[in-house]
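The structure appears below as structure tokens.
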Amino acid sequence: MEISQRLKKIPPYLFVELDRLKNEKIKQGVDVIDLGIGDPDIPTPYELVEVAKKAIEKAEYHRYPSNWGSLFFRKACADYIKRRFGIKLDPEREILALIGSKEGIAHFPIAFINPGDIVLCPNPAYPVYHLGAIFTDGIPYYIPLSWENNFLPDLSKIPQEILEKAKIMWLNYPNNPTGATATREFFKEVIKFAKKYNIIVAHDAAYIEMYYEEPPISILEIEGAKDIAIEFHSLSKTFCMTGWRIGFAVGNGFLVSALAKVKSNIDSGVFTAIQEVGAFALNNLENLVPPLISIFKKRRDFLTEELKNLGYQFIKPSATFYLWVKTPNGLPSQEFCKRVLQDIGVVVTPGIGFGSAGEGYFRIALTVGEERLKEAVQRFSTLQI
Ligand SMILES: Cc1ncc(COP(=O)(O)O)c(C=O)c1O
């Protein structure tokens, strides 16, 4: 038996060695602090669990869900988008339920990419953008996100011949792994640029509610964006419900319906009981989210202050639960992260795992409680690099 050429093209998993080392440390009885995984440690708010308990008993939900998502869920999405961003969307044509945003992001290229088409992917980035391109025999073209440019892509540096073959441009703000946010001016530039070159803008907004200062904007707020853009939303981080698997796509009706067509031939939608929880969550976002945000904000403030005192270099993130930090003395990121795990029993993620432009950085996820963060800081203070 042999795996397909397509699967062979998937780059090797870079964290094999670190995972092995982590498991070895745990086996040795080391109290490992894991700041590697972008998965909130806080349980889903109990109000949502209560809604789920009742919803799960409804026999009508035990059958196949609607492919696009139940209208009540899509209406809740539309209401949220209207309240938060002032954008009016048609829940029947412009909103599609997803089994988590990852699923939508991975499937979207199937609707638009032919072999050899170019998919513009930020670097560093959440890996699913380029993996989706590879799975459709598209060619990822990497656009670097640099500290000097506030981790926004410099569109003027993309060569003309690439733009002629580019079909999709992925963006993600607030950004994983850099914690950067986009300005309205940048999004305006993106829409103008994408229209000029006839490129679909696919914006991943998974962290749009995880912010500590100014609310990040939706790309759909930009005039004309709905002609050319689709935006992926997730309930995972917003409501600490990564395991429930629910998100949604919004934007241009043609783009949304093309994704719906792909999905209707692959999956059978989100369990309707989960959609009821999702609708309740979105309808009550203004009450449910602030207590969660205040926990992450405290962690962010504590860790940024302490790491600054230890001499680490980073831009304090105004959104997401990630810190994107330069490795000391420019050490290669894998080597640094191995040393951190080996010497002080702390897991952080090497920047190179998010792409070549992530080299020289490491990512810290604020996904442990205050006491553990204090302990991690204490351990970092003993690190000899
Ligand atoms: C940037 C980004 N987008 C999308 C996702 C996927 O989230 P979900 O599939 O849980 O909605 C993640 C998860 O870590 C992410 O970091």
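Positions are given from 1, in the same order as the sequence printed here. One-based numbering, in listed order, for ligands and for the atoms of each. These numbers come from the heavy atoms of this one structure, side chains and all, not from hydrogens, waters or symmetry mates. Values in this document were obtained by computation on a predicted structure and should not be read as measured data.
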Is R245 in contact with ligand 1, taking contact as a heavy-atom separation below 4.0 Å? yes
Strictly distance-based, threshold 3.5 Å: is any side-chain N or O of R74 a donor or acceptor partner for the main-chain N or O of A97? no
Is there a donor-acceptor pair under 3.5 Å between the side chain of R299 and the backbone N or O of L366? yes
Atom 7 (O) of ligand 1: nearest protein contact (heavy atom, Å): S101 OG, 3.3 Å
Can you tell me how the ring of F193 sits relative to the ring of Y197, calling it parallel under 30°, perpendicular over 60° and tilted otherwise? tilted
Quick check on Y129 - does any of its heavy atoms sit under 4.0 Å from an atom of ligand 1? yes
Just checking Y173 against Y207, ring centres under 6.0 Å apart? no
Would the distance check show the side chain of N175 and the main-chain N or O of T178 forming a donor-acceptor pair, the cut-off being under 3.5 Å? yes
On a heavy-atom basis, the closest approach of F112 and D117 is O-OD2, 3.8 Å
So if I count the atoms of ligand 1 from 1 in the order they appear, which ones are less than 4.0 Å from some heavy atom of N172? 1 (C)
Would F232 and W170 count as a close aromatic pair, with their ring centres under 6.0 Å? yes
Hey, which atoms in ligand 1 end up nearer than 4.0 Å to a heavy atom of G100? 9 (O), 11 (O)
Atoms of ligand 1, numbered as shown, that sit under 4.0 Å from any heavy atom of D204: 1 (C), 2 (C), 3 (N), 4 (C)
Quick one: look up the protein heavy atom nearest atom 10 (O) of ligand 1 and list residue, atom name and how far away it is. S236 OG, 2.6 Å
Test item, T242 contacting ligand 1 (heavy atom, 4.0 angstrom): no
What are the atoms of ligand 1, with element, lying closer than 4.0 Å to any heavy atom of S234? 8 (P), 11 (O)
Side chain, backbone, both or neither: which part of A206 comes within less than 4.0 Å of ligand 1 when only heavy atoms are counted? side chain
Protein heavy-atom partner closest to atom 6 (C) of ligand 1 - residue, atom, separation in Å: Y126 OH, 3.3 Å
Pair W244-T44, side-chain contact (heavy atoms from CB on, under 4.5 Å): steps then yes or no: CA-CA 9 Å; W244 299 62; T44 305; 3.0 Å; yes
If we number the atoms of ligand 1 from 1 as shown, the ones under 4.0 Å from a heavy atom of K102 are 6 (C), 8 (P), 9 (O)
Please confirm whether Y207 comes under 4.0 Å of ligand 1, counting heavy atoms of the residue only. yes
For K237, the ligand 1 atoms with a heavy-atom partner under 4.0 Å come out as 13 (C), 14 (O)
Apply side-chain hydrogen bond (donor to acceptor under 3.5 Å, both in side chains) to T367 and D41, showing your working. CA-CA 5 Å; T367 46; D41 54 313; 5.7 Å; no
